[in-house]
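For reference, the structure is listed below as structure tokens.
Along the sequence shown, residues carry numbers from 1.
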Amino acid sequence: MNPTFNPYPDENYAKIRRLMRQTADHHNTLSDKDPHTDFNSNQETKCGFTSIRVMGTVVVLLMFISVIFSLSVVLRDPPSDAANDGSDMWIPQWNSDLGSCLSRYNSVSYQHKLAFEPSSYLIAQLRRYEDLHKRCGVYTESYNKTLEWLRSNGSSSSSDCRYLIWISFSGLGNRILTLASAFLYSLLTNRVLLVDPGTDMTDLFCEPFPEVSWFLPQDFPFKEKFSNFNQNSSDCYGKIMKNSMRTDSSGVILPSVVYLHLVHDYDDDDKLFFCDQDQALLQQSPWLVMKTDNYFVPSLFLMSSFEKELNNLFPNKDTVFHFLGRYLFHPTNSVWGLITRYYQAYLARASERIGIQIRVFDTGTGPFQHILDQVLTCTLKENLLPRTDRQTNIIGPVSNPKSKAVLITSLSAGYMEKLRDIYWENPTVTGERISFYQPSHEEHQQTEKSIHNQKALAEMYLLSTTDVLVTSSWSTFGYVAQGLGGLKPWILYKPENRTAPDPPCGQAMSMEPCFHAPPFYDCKAKKGVDTGKLVPHVKHCEDMPWGIKLVDRYD
């Protein structure tokens, strides 16, 4: 709330002041009278006091109602231009966690404005989902009844609550992208999303929904089966369809719990998930359990059963992860501290912030010279960094020189050190001041360590606050940063044979992540098809030619 907010409207305040003056004047008049006044005078005085008391009570009551109404409006309803001014007031906020999740309320001070305004339909559907989650989430009456039916005979219940369980799987970047995908699928199919916390999800993210947790409780009865789910599990949808040996899936009866195997090694039977007729069949099961390491959102946009709803939710097709990422993922206070301390210490005062994310898939110990050459060529060619003058030791004074802070994220410290030395040993031809920073250099990925993932999340978030972003091909780490920031990055193309590619980089078509392993199948025609050429808003990825991604249809 604004600290200067006055809960008393001006006209009420003026009335109160006039009433106070009238009461004081009347009291002074009474004090000057002779105590032995006649009976009628006493009666008039009593009536006067009674009238004043009644009027005072009414005014105080009006004041109280006015205060309560004003406070309810301020606390409940965001300003009408909240989405336009870049704030995230469309994200649910509640007083009970003001101190326990600082990022939910303070992120607007660090993040870019939303790239687009969320559609009113998206906001309405998010509010609807929050109500569903509150009614059907963990330990609610509906949740308990559904579990009771499941324990008793394994059959589906009459409850109107259905669930999607997301299994924590793969590296942090993959988990963030797949969780956003799972949430969108839940939104489209009217299911409640429950999140397997794994080893560290509760250390990384706040709860996104009011009152009822999205984390699967430790006492969930079938949790021990999660690690054993695979393509050969009897409850696996692909396995069920393979065993049915039916061309028409309408006659198949599914169990109450169905496992969806959407990992990169899935087969054609598993990929039936992306067929409309199979989606109709999956509605039978109250419990779906999903394991995936893919951002499968683009393929949802190719399904006729979801087409109208997705068009209403996302008029701009390339905003899906941008909106859902901002809505769902709020760093915990420990991670938020890493973010804000680093930003204020090294990035806040720069004229421009440049992010460079370097992910190397080559084996061996870096830094590699061809990677350094590629980064330099790209940033110089695209005028992201100024050239240096190797012939002159000092450039003449420049009025109001621009400062650029370059944030580098890499498992190796060598790239930052070499770039820093180049700009330390040689002046820039523009007179700009260039500084380089790298929060951590873990040397190798350690997805099993909580502090490693906390630093990784902090670095993704810091990259999203930069003005210009350079990312590496195939990297989900970079995808998360560009989506949260609403940025179209320059993508460093994947080197071959340890040689820097030419051109070294290209700007992304959109801020959306790439679906690395999409199906290439026409469900209606029952034949292979290039799913990157079916609709204007789904194209092949710049960094992975067989992948697909969402783009804005007007680009």
Side-chain angles (χ1 to χ4, degrees), residues 86-88 91 97 100-115 171-180 183 200-208 295 319 321-350 352-359 405-411 416 437-442 445-447 449-472 475-489 511-513:
S87 71
D88 282 349
I91 293 170
D97 78 334
S100 61
C101 187
L102 297 172
S103 65
R104 193 192 317 277
Y105 306 94
N106 299 337
S107 60
V108 69
S109 301
Y110 296 86
Q111 289 178 318
H112 295 292
K113 292 174 62 175
L114 288 170
L172 180 58
N174 293 80
R175 281 186 281 162
I176 292 172
L177 297 179
T178 61
L179 189 46
F183 177 73
D200 62 0
M201 291 295 285
T202 56
D203 297 329
L204 298 172
F205 300 108
C206 301
E207 296 278 1
Y295 180 74
T319 59
F321 183 74
H322 181 52
F323 288 150
L324 297 186
R326 290 277 190 99
Y327 174 79
L328 292 171
F329 303 116
H330 308 288
T332 56
N333 284 355
S334 57
V335 179
W336 188 241
L338 295 175
I339 295 166
T340 55
R341 287 190 295 272
Y342 200 91
Y343 184 93
Q344 293 296 343
Y346 303 111
L347 305 177
R349 287 173 289 279
E352 184 180 11
R353 288 167 286 276
I354 300 170
I356 302 177
Q357 182 255 339
I358 300 174
R359 177 73 165 94
V406 183
L407 175 71
I408 294 180
T409 64
S410 173
L411 292 174
M416 189 279 291
Y437 306 102
Q438 182 171 346
S440 70
H441 46 90
E442 303 285 292
Q445 197 166 348
Q446 305 171 57
T447 56
K449 290 188 177 180
S450 178
I451 187 60
H452 173 88
N453 286 327
Q454 289 185 45
K455 291 179 180 178
L457 178 57
E459 292 183 7
M460 292 179 202
Y461 200 101
L462 286 167
L463 284 173
S464 77
T465 68
T466 59
D467 303 300
V468 179
L469 183 60
V470 178
T471 61
S472 296
S475 175
T476 56
F477 192 107
Y479 294 160
V480 172
Q482 71 193 43
L484 291 178
L487 302 168
K488 294 182 180 180
M511 54 189 164
E512 274 290 296

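- Residues C206 and P331 come closest through the heavy atom pair SG-O, 3.5 Å.
- Of all the heavy atoms in M201 and R175, the pair that sits closest is SD-NH1, 3.5 Å.
- Taking CG from L204 and OG1 from T332, the interatomic distance works out to 6.5 Å, rounded to the nearest 0.5 Å.
- The aromatic rings of W336 and Y461 stand perpendicular to each other, their planes meeting at an angle above 60°, with 30° marking the opposite boundary.
- Among all heavy-atom pairs drawn from V335 and A458, the shortest one is CG1-N, 4.1 Å.
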How far apart are the C-alpha atoms of M416 and V406, what are their side-chain angles, what is the distance that settles it, and do they pass the side chain to side chain contact (heavy atoms under 4.5 Å, CB included) test?
-> CA-CA 9 Å; M416 189 279 291; V406 183; over 6 Å; no

Worked check of side chain to side chain contact (heavy atoms under 4.5 Å, CB included) between L463 and L487 | CA-CA 10 Å; L463 284 173; L487 302 168; over 6 Å; no

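- A donor-acceptor pair is defined here as one N or O able to donate and one able to accept, closer than 3.5 Å; no such pair exists between the side chain of H441 and the backbone of L411.
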Side chain to side chain contact (heavy atoms under 4.5 Å, CB included) evaluation trace for L328 with F205 | CA-CA 9 Å; L328 292 171; F205 300 108; over 6 Å; no

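- Here the side chains of R359 and F477 are not in contact, with every heavy-atom distance at 4.5 Å or above.
- Side-chain atoms of H112 do not come within 3.5 Å of backbone N or O of G486 as any donor-acceptor pair.
- Minimum interatomic distance between T319 and E512 (heavy atoms only, all atoms of both residues): C-OE2, 3.9 Å.
- The aromatic rings of Y437 and Y342 lie perpendicular to each other, with more than 60° between the two planes, well past the 30° mark.
- Ring pair Y295/F321 is perpendicular by interplanar angle, where above 60° counts as perpendicular and below 30° as parallel.
- Taking every heavy atom of both residues into account, N453 and L172 meet most closely at O-CD2, 3.4 Å.
- Minimum heavy-atom separation, R353 to T465: NE-O, 3.9 Å.
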May I have the step-by-step check of side chain to side chain contact (heavy atoms under 4.5 Å, CB included) for Q344 and Y110, ending in yes or no?
-> CA-CA 10 Å; Q344 293 296 343; Y110 296 86; 3.2 Å; yes

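- For the 3.5 Å distance criterion, the side chains of S440 and E459 qualify, holding a donor opposite an acceptor.
- A distance-only check finds a donor-acceptor pair linking the side chain of Q482 to the backbone of M511 [under 3.5 Å].
- Side-chain atoms of Q438 and Y346 form no donor-acceptor pair, as typed in the model, at a separation below 3.5 Å.
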